[in-house]
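Shown next, in structure tokens, is the structure this report addresses.
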Amino acid sequence: MRALWIFLLISMAPMAIRGHFEFNNVVCLVRDRMFMDFEYCYLKSVNRTYKYLSLKTKVFHLPVDNCETRFQLRMRENRRLLYNFDFKVDSCKFLRDRKHVVANWVYQTFAPYSNINHTCPYDHDIVLDKLPVQHLNKLVQSIIPDGRYMMNSTWMVAGIPRTDVILYFTKS
Ligand SMILES: *[C@@H]1O[C@H](CO)[C@@H](O)[C@H](O)[C@H]1NC(C)=O
Ligand SMILES: *[C@@H]1O[C@H](CO)[C@@H](O)[C@H](O)[C@H]1NC(C)=O
Ligand SMILES: *[C@@H]1O[C@H](CO)[C@@H](O)[C@H](O)[C@H]1NC(C)=O
């Protein structure tokens, strides 16, 4: 599985030059307002080329020492799941060992712009600070085909879903 994934990355890399990546929308859905909320969650277009995603959580029950993340990437037209991008990880374990190849790829996409860059527990809110569309463009280019996508991540603490962070984007 891992070997296949690496093979796919390498074999698709030459396609990485063209293409265009666009953020369409972000939805930060709070499932349990007693547990957490968002201070902000938005996309901003500064100009034609500079667009970014920012969010900040407001967690009322810190520290967080266990978390499970369900991650799915779907095509919007037919709701088809991208096979490699349908997984669930024990986030605290993942942060310790980084052993899940696809989760690690997703993590590395977001981590440089956030304060999630450490192991559990988290005794602070999570901030994603101005993740530029260009950064995702570079990474996503080689890996997924053109299309309109929905990236759905569901975050569970103590086994209870607390929030869905859903990012809509288009690759053309
Ligand atoms: C877009 O805005 C960024 C940040 O202000 C700036 O660095 C960049 O040159 C701008 N690009 C264009 C095409 O105006
Ligand atoms: C956090 O980021 C720094 C600098 O990018 C890196 O050296 C370090 O290994 C990261 N820590 C974790 C736990 O990923
Ligand atoms: C996101 O995933 C969760 C958990 O699988 C699911 O309950 C929810 O309906 C999904 N959201 C969307 C917009 O598909």
Side-chain angles (χ1 to χ4, degrees), residues 1 17-61 64 66-95 100-107 109-114 116 120 122 126-141 143-172:
M1 180 59 225
I17 300 124
R18 286 160 292 126
H20 181 67
F21 183 92
E22 194 71 69
F23 284 142
N24 302 123
N25 196 13
V26 63
V27 178
C28 293
L29 184 74
V30 180
R31 293 215 195 186
D32 180 357
R33 271 182 211 286
M34 300 296 280
F35 183 80
M36 66 168 289
D37 206 339
F38 284 90
E39 200 169 306
Y40 52 82
C41 167
Y42 64 91
L43 297 175
K44 185 171 166 70
S45 294
V46 175
N47 55 37
R48 239 169 56 81
T49 47
Y50 184 41
K51 295 181 181 162
Y52 62 76
L53 165 63
S54 285
L55 66 81
K56 183 175 185 195
T57 64
K58 217 160 70 182
V59 178
F60 306 125
H61 294 268
V64 170
N66 75 91
C67 181
E68 237 185 345
T69 309
R70 172 94 206 251
F71 186 93
Q72 295 187 320
L73 187 61
R74 284 181 191 277
M75 305 210 58
R76 265 143 72 191
E77 273 72 21
N78 48 20
R79 310 239 336 134
R80 191 169 68 80
L81 266 174
L82 270 72
Y83 174 74
N84 278 319
F85 293 91
D86 177 18
F87 60 86
K88 196 168 173 180
V89 287
D90 175 333
S91 315
C92 289
K93 179 173 173 297
F94 167 76
L95 287 162
H100 191 293
V101 178
V102 184
N104 201 33
W105 182 82
V106 173
Y107 172 81
T109 305
F110 291 92
Y113 295 90
S114 86
I116 56 174
C120 295
Y122 284 83
I126 302 297
V127 180
L128 183 65
D129 187 33
K130 297 182 181 162
L131 170 70
V133 71
Q134 283 302 337
H135 176 69
L136 284 181
N137 196 13
K138 268 187 285 176
L139 289 157
V140 164
Q141 286 282 336
I143 295 180
I144 60 171
D146 285 359
R148 298 180 340 119
Y149 291 92
M150 177 181 83
M151 192 200 88
N152 183 1
S153 63
T154 301
W155 302 79
M156 282 155 279
V157 178
I160 301 166
R162 310 292 183 167
T163 177
D164 296 338
V165 178
I166 304 163
L167 182 64
Y168 297 87
F169 63 89
T170 304
K171 184 185 172 248
S172 54

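Each ligand, and each atom within it, is numbered from 1 in the order the structure gives.
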When you measure from the centre of the six-membered ring of Tyr52, is the NZ or CZ of Lys130 closer than 6.0 Å and no more than 45° off the axis?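 Pair Lys130/Tyr52 counts as cation-pi.
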Just distances here: any N/O of [X] and N/O of ligand 3 closer than 3.5 Å?
X      : result
Asp164 : no
Gln72  : no
Asn152 : yes

For Arg74, state whether at least one heavy atom is located under 4.0 Å from any atom of ligand 3. no
Under 4.0 Å, counting heavy atoms only: does Arg31 come that close to any atom of ligand 3?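 Contact present.
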Hey, are Thr69 and Ser91 close enough side-chain-wise for a donor-acceptor pair under 3.5 Å? yes
What are the atoms of ligand 3, with element, lying closer than 4.0 Å to any heavy atom of Thr154?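 Once the distances to Thr154 are compared, the set is 1 (C), 2 (O), 3 (C), 4 (C).
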Distance filter under 4.0 Å to Ile166 heavy atoms, resulting ligand 3 atoms: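 Numbered from 1, ligand 3 contributes 13 (C).
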Using a 4.0 Å cutoff against the non-hydrogen atoms of Thr49, which atoms of ligand 1 qualify?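 Listed by number with element, the hits are 11 (N), 13 (C).
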Does any N or O atom in Tyr50 lie less than 3.5 angstrom from one in ligand 1, N or O only? no
When the ring planes of Phe35 and His61 are compared, do they come out parallel, tilted or perpendicular, using 30° and 60° as the limits?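 Rings of Phe35 and His61: parallel, under 30°.
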